[in-house]
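Comments concern the structure below.
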Amino acid sequence: MKIKCPICNNELIKIDGSYKCSSNHCFDISRGGYVNLLTGSKSSDQTGDNPIMSRARHDFLSKGYYSHFASGIAEAALPYAENKSEFCFIDAGCSDGYYTDEIMKTIPCSAQAVGVDLAKSAVKLASRRNSEIVFCVASVFALPVFDSSADAVFSIFTPIAAAENRRVLRPDGVLIVCSPGKRHLWQLKSAVYDTPYDNPESPHVPDGFCPVESGKISKKIDIATTQDIKNLFLMTPYAYKTSKTDAEKLDRLDGLTTETEFIVSIYKKQ
């Protein structure tokens with residue numbers, strides 16, 4: 001899948017260690033293999049997940065705790081890859097690339113993928129997972145791909161940029177949105193809060209899309225160590241909404257069994 005210059009919108013061509021366009025704009029490829037397409041005064045060091053959150057997510061996911069969820073996301077995409085010689089998709093908010101890589105490995109036909117995230121620390125980790133995927137530091141609201149170039153856009157626990165997703169999707173393309181279910185991580189929250197609360201579960205249909213199907217992926221997971229529990233906590237929004245006293249309750253746990261519940265919703269553009 002071709003990527004475009006964020007300055008002039010011309011195609012970026014990979015030449016040696018850089019991406020260059022016909023207007024001579026140049027974006028160096030990092031030693032890790034990703035490209036930073038943020039321009040001007042935008043700083044990827046101050047946007048998206050911070051390095052602590054990125055590392056916690058990477059370490060937790062790499063141990064396979066969410067493998068059932070990753071497999072479910074990839075399987076949801078399979079019907080839309082059928083009868084295609086090539087399947088092009090975008091992971092909009094790819095974080096450390098865990099899910100991007102799983103989707104890439106599951107698609108039966110040839111696949112091309114672009115992973116996009118604002119957090120440089122996360123994209124740096126993502127680029128180490130799969131060298132066949134183009135990972136970019138960029139915004140989900142300004143995807144560095146051309147109009148009608150993607151068969152699918154995945155939005156996994158990230159803001160939904162509906163207008164931008166419509167722009168990049170082909171006429172028969174799909175938007176696959178993943179969000180937490182009502183009881184997701186209930187036991188983790190119970191360990192931290194005196195009065196845990198359900199997650200809101202009211203699917204919002206993105207503007208310009210119509211729903212195709214929706215389903216849940218649920219499983220109890222056994223988290224083996226205190227550090228893994230803390231990594232799970234750090235990769236959630238709870239870490240930044242919880243008092244130090246409550247967060248320190250996790251230090252007393254040497255294991256935890258908790259529910260996981262994910263909602264996977266598929267939409268087509270109208």
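What you see is a predicted model; the values in this text were computed from it and never measured.
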Just how far is it from atom [atom1] of [X] to atom [atom2] of [Y], taken to the nearest 0.5 Å?
| X | Y | atom1 | atom2 | result |
| --- | --- | --- | --- | --- |
| E259 | K182 | CD | NZ | 11.5 Å |
| H184 | K189 | NE2 | NZ | 8.5 Å |
| D207 | Q270 | CG | CD | 9.0 Å |

Hydrophobic cluster membership, [X] vs [Y], 4.5 Å side-chain cutoff:
| X | Y | value |
| --- | --- | --- |
| L234 | L185 | no |
| F262 | V174 | yes |
| I13 | I29 | no |
| I160 | V153 | yes |
| F157 | L125 | no |

Nearest non-hydrogen partners of N50 and M53, listed with the distance:
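Heavy-atom minimum between the residues: OD1-N, 2.8 Å.
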If only side-chain N and O atoms count, and only distance matters, is there a donor-acceptor pair under 3.5 Å linking S18 with D28?
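Note: D28 and S18 side chains meet the donor-acceptor criterion.
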For H68 and T260, test the side chains for any donor-to-acceptor distance below 3.5 angstrom and give the result as yes or no.
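Their side chains do contain a donor-acceptor pair, which is all the 3.5 Å distance test asks for.
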Do the side chains of D101 and K105 get close enough for a salt bridge, i.e. N-O under 4.0 angstrom?
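K105 and D101: salt-bridged.
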Would you indicate whether the side-chain heavy atoms of [Y] and [X] approach each other to under 4.5 Å?
| X | Y | value |
| --- | --- | --- |
| C5 | S23 | no |
| W186 | E261 | no |
| D198 | R183 | yes |
| R55 | P51 | no |
| K249 | F233 | no |
| L169 | F209 | yes |
| L143 | R167 | yes |
| L61 | F69 | no |

Just wondering, are more than 12 heavy atoms of other shown residues or ligands nearer than 6.0 Å to [atom1] in [X]?
| X | atom1 | value |
| --- | --- | --- |
| D172 | CG | yes |
| N24 | CG | no |
| L78 | CG | yes |

Under the ring-ring contact (aromatic ring centres under 6.0 Å, His included) test, which residues partner Y65, sequence neighbours left out?
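By the ring-ring contact (aromatic ring centres under 6.0 Å, His included) rule, Y65 matches F60.
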Could you tell me whether a side-chain N or O of [X] sits under 3.5 Å from a main-chain N or O of [Y], the two making a donor and an acceptor?
| X | Y | answer |
| --- | --- | --- |
| T257 | D222 | no |
| S127 | G32 | yes |
| R57 | S95 | no |

Charged tip of K124 within 45° of Y34 ring normal and under 6.0 Å
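No cation-pi geometry.
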Just do the side chain to side chain contact (heavy atoms under 4.5 Å, CB included) check on T100 and F89 with the steps written out, would you?
CA-CA 9 Å; T100 330; F89 71 91; 3.9 Å; yes
